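All of these numbers come straight from a predicted model, not from anything done at the bench.
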Amino acid sequence: MQIVVAGQGYVGLPLAVRAAEVGHRVVGYDVDPHRVQQLAAGQSYVRDVDSTRLRAVLDSGAYSATADAAALAGFDIAVITVPTPLRDGVPDLTYIESCARTLGEHLRPGATVVLESTSYPGTTEELLLPILEETSGLKGGADFLAGFSPERIGNKRWSFDGTPKLVSGIDAKSLDVVKNFYDGIFQTTVPVSGPKVAELAKLLENTFRFVNISMINEMAMLADALGVNIWEAIDAAATKPFGFTKFTPGPGVGGHCLPVDPMFLSWKAQQELGIPFRFAELAADVNRHMPDYVVRRLVEALSKRGIPVSGSQILLLGLTYKYDATDLRNSPSARVAELLIGLGAEVRGAEPNIPGGDDTELNVPRVDASPEEVAAADAVVLLMDHPRFDLAMIEKRAPYVFDCRNRLSGANVETL
């Protein structure tokens with residue numbers, strides 16, 4: 001089939017390449033011309049797709065990248081994988097709206113449009129469908145098909161295509177076409193009764209993680225006040241073979257999903273039902289203040305050592321929002337750096353997963369986590385324990401370490 005994947009980011013590019021590998025003709029559409037240039041040159045910027053795979057589908061002619069909307073004409077299935085950020089607590093669906101209008105101009109009878117971008121329940125049927133109908137002059141269900149299938153990016157244990165894929169449609173025929181398409185890409189598809197169920201399921205998945213991470217972060221603060229080692233308590237609780245899922249504390253939640261997705265549901269519930277989603281709101285409040293807590297603990301530790309935070313040399317290790325990631329979006333490290341700079345500290349950051357010099361997003365000079373840099377710092381803060389860090393060297397050379405990941409030990413190490 002002729003497939004369009006609109007949005008060539010961390011969700012869209014893996015889907016586009018995999019669809020090309022299984023035999024479809026795929027157009028990767030993105031409004032960012034720089035991205036398109038990189039893709040056309042066979043250079044992948046997404047960790048889940050190495051450049052060798054990208055060049056293979058380019059060379060075979062199964063995949064092409066474009067910023068020209070005219071290239072979308074004639075598609076059988078179009079998948080929308082564009083961002084859905086929050087702006088001041090309000091879902092920003094302008095990327096979906098714009099993409100829907102563009103696809104609507106090329107929508108033909110019998111074609112299918114699938115939304116993968118995360119949003120509140122009702123987005124597919126109440127926002128996407130009317131725009132497609134208005135722009136194309138066609139009727140959803142009667143003339144064209146539509147559905148929702150939430151993105152699920154794999155991890156170390158579960159590959160992209162090995163992760164079960166939820167699928168839904170606006171009617172039975174839509175579900176059948178959507179399921180058949182994803183059956184050819186994923187090892188397992190899980191059909192549900194409609195888009196709202198799939199939309200809510202995606203929010204449920206991420207809210208579960210968000211609330212539990214927030215709970216354990218607050219528990220870590222309480223444990224420190226009680227003089228109890230939270231990490232030992234977590235390991236002890238994890239020996240129970242049922243009724244407990246292990247989560248660990250950290251400097252805060254970041255990225256493009258966890259701090260955002262639960263607030264879609266909170267906003268929808270408040271706007272339409274007048275009901276607050278208290279768990280999500282409380283979790284968001286706890287995580288917003290984790291960087292403040294990290295800085296407070298660090299300031300106290302420096303003070304005990306007779307070092308004022310103003311003028312101190314602080315080295316932050318691991319600036320991405322999660323372990324071994326290459327993404328800085330909504331990373332708590334930005335807030336940690338901001339607070340320390342505001343207190344007069346001289347802050348440097350080491351992030352081996354993202355090569356580069358000074359980072360404007362974090363506003364800190366970038367350095368390597370070399371023995372010299374580690375030894376020169378008054379305090380080293382391990383925010384993310386990336387595998388490329390030499391932890392044994394850090395233990396040996398750092399005068400003091402505040403370890404937010406419980407990876408280091410020694411008299412010079414204090415854990416979150």
Side-chain angles (χ1 to χ4, degrees), residues 1-32 35-36 38-40 42-69 71-83 96 99-100 102-103 106-108 110-118 124 128 144-154 158-169 174-191 198 202:
M1 293 187 291
Q2 181 71 31
I3 307 298
V4 166
V5 179
Q8 292 295 277
Y10 76 100
V11 174
L13 185 59
L15 175 64
V17 170
R18 182 62 184 151
E21 289 173 338
V22 300
H24 297 296
R25 301 181 307 278
V26 182
V27 174
Y29 174 67
D30 202 288
V31 296
D32 183 344
R35 274 187 172 182
V36 170
Q38 284 184 278
L39 294 173
Q43 299 172 359
S44 175
Y45 42 78
V46 173
R47 170 161 292 193
D48 289 342
V49 177
D50 63 51
S51 295
T52 302
R53 288 180 62 202
L54 175 60
R55 286 192 291 269
V57 293
L58 282 166
D59 292 343
S60 72
Y63 171 81
S64 62
T66 184
D68 182 5
L72 309 184
F75 70 81
D76 297 304
I77 294 179
V79 184
I80 299 174
T81 62
V82 297
I96 293 179
C99 188
T102 300
L103 292 174
H106 301 283
L107 188 59
R108 58 191 177 89
T112 303
V113 178
V114 183
L115 179 63
E116 284 207 10
S117 304
T118 304
T124 302
L128 175 64
F144 70 90
L145 308 176
F148 179 77
S149 180
E151 56 90 358
R152 280 175 169 172
I153 299 301
W158 294 90
S159 64
F160 172 77
D161 58 308
T163 303
K165 180 73 165 164
L166 297 181
V167 294
S168 69
S174 294
L175 175 58
D176 185 54
V177 170
V178 172
K179 185 178 186 302
N180 285 338
F181 167 63
Y182 284 113
D183 277 343
I185 295 175
F186 292 86
Q187 297 172 25
T188 304
T189 57
V190 182
K202 173 61 178 178

Using side-chain contact (heavy atoms from CB on, under 4.5 Å) as the criterion, list what pairs up with V22, not counting sequence neighbours.
R18, H24, I185
Side-chain heavy-atom pair F160, V11 within 4.5 angstrom cut-off
no
Measure the shortest side-chain to side-chain distance between T102 and Y29 over non-hydrogen atoms and say whether it is less than 4.5 angstrom.
yes
Any carboxylate oxygen within less than 4.0 angstrom of a Lys/Arg side-chain nitrogen, looking at D183 and K179?
yes
Quick check: does any side chain N or O of R25 sit under 3.5 Å from a backbone N or O of A62, one acting as donor and the other as acceptor?
no
State the CZ-CD1 distance between F181 and I3, to the nearest 0.5 angstrom.
4.5 Å
I'd like to know if the side chain of S51 and the backbone of S44 have a donor-acceptor N/O pair within less than 3.5 Å.
yes
Taking C-beta and beyond as the side chain, do V79 and Y182 meet within less than 4.5 Å on heavy atoms?
yes
Can you name the nearest heavy-atom pair linking P14 to D48, along with the distance?
CG-CB, 4.1 Å
Okay, side chain of S117, backbone of V82: is any donor-acceptor separation there less than 3.5 Å?
yes
Derivation and outcome, side chain to side chain contact (heavy atoms under 4.5 Å, CB included), residues T81 and E151
CA-CA 8 Å; T81 62; E151 56 90 358; over 6 Å; no
With a 3.5 Å distance limit and no angle check, can you tell me whether Q43 reaches the backbone of A40 through a side-chain donor-acceptor pair?
no
Would I96 and L115 count as a side chain to side chain contact (heavy atoms under 4.5 Å, CB included) if you check the C-alpha gap in whole Å, the side-chain angles of each, and the deciding distance to 0.1 Å?
CA-CA 9 Å; I96 293 179; L115 179 63; 4.0 Å; yes
Within the 3.5 Å criterion, strictly below it, is a donor on D68 or T66 matched to an acceptor on the partner's side chain?
no
Find the distance between CG (L54) and CG (L58) and round it off to the nearest 0.5 Å.
4.5 Å
Charged N to carboxylate O under 4.0 angstrom, E116 versus K165?
yes
Backbone N/O of P164 and side chain of R152: donor-acceptor pair under 3.5 Å:
yes
Side chain to side chain contact (heavy atoms under 4.5 Å, CB included), that's the test. Do L39 and Y63 meet it? Break it down for me.
CA-CA 10 Å; L39 294 173; Y63 171 81; 3.4 Å; yes
May I ask you to test the V167-V190 pair for a side-chain heavy-atom distance under 4.5 Å?
no
Would you give the length of the straight line joining atom CZ of R47 to atom CG of L13, rounded to the nearest 0.5 angstrom?
14.5 Å
If you define the side chain from C-beta out and look only at heavy atoms, does anything of F75 sit under 4.5 Å from H106?
yes
Side chain to side chain contact (heavy atoms under 4.5 Å, CB included) assessment of F144 paired with T112:
CA-CA 6 Å; F144 70 90; T112 303; over 6 Å; no
Do you know which two heavy atoms are closest between P191 and L175, and how far apart they sit?
CB-CD1, 4.1 Å
If we only count heavy atoms from C-beta on, is the I80 to L128 side-chain gap below 4.5 Å?
yes
Take R108 and D76 through the test salt bridge (charged side-chain N to carboxylate O under 4.0 Å, His left out) and record every step on the way to the result.
CA-CA 8 Å; R108 58 191 177 89; D76 297 304; 2.7 Å; yes
Write down the atom of P150, the atom of A198, and the distance for their closest heavy-atom approach.
CG-O, 3.9 Å
Using 0.5 Å steps for rounding, measure from the OG atom of S159 to the CZ atom of F186.
9.0 Å
Taking side-chain contact (heavy atoms from CB on, under 4.5 Å) as the test, write out the residues that go with R35, two or more places apart.
D30, D32, Y45
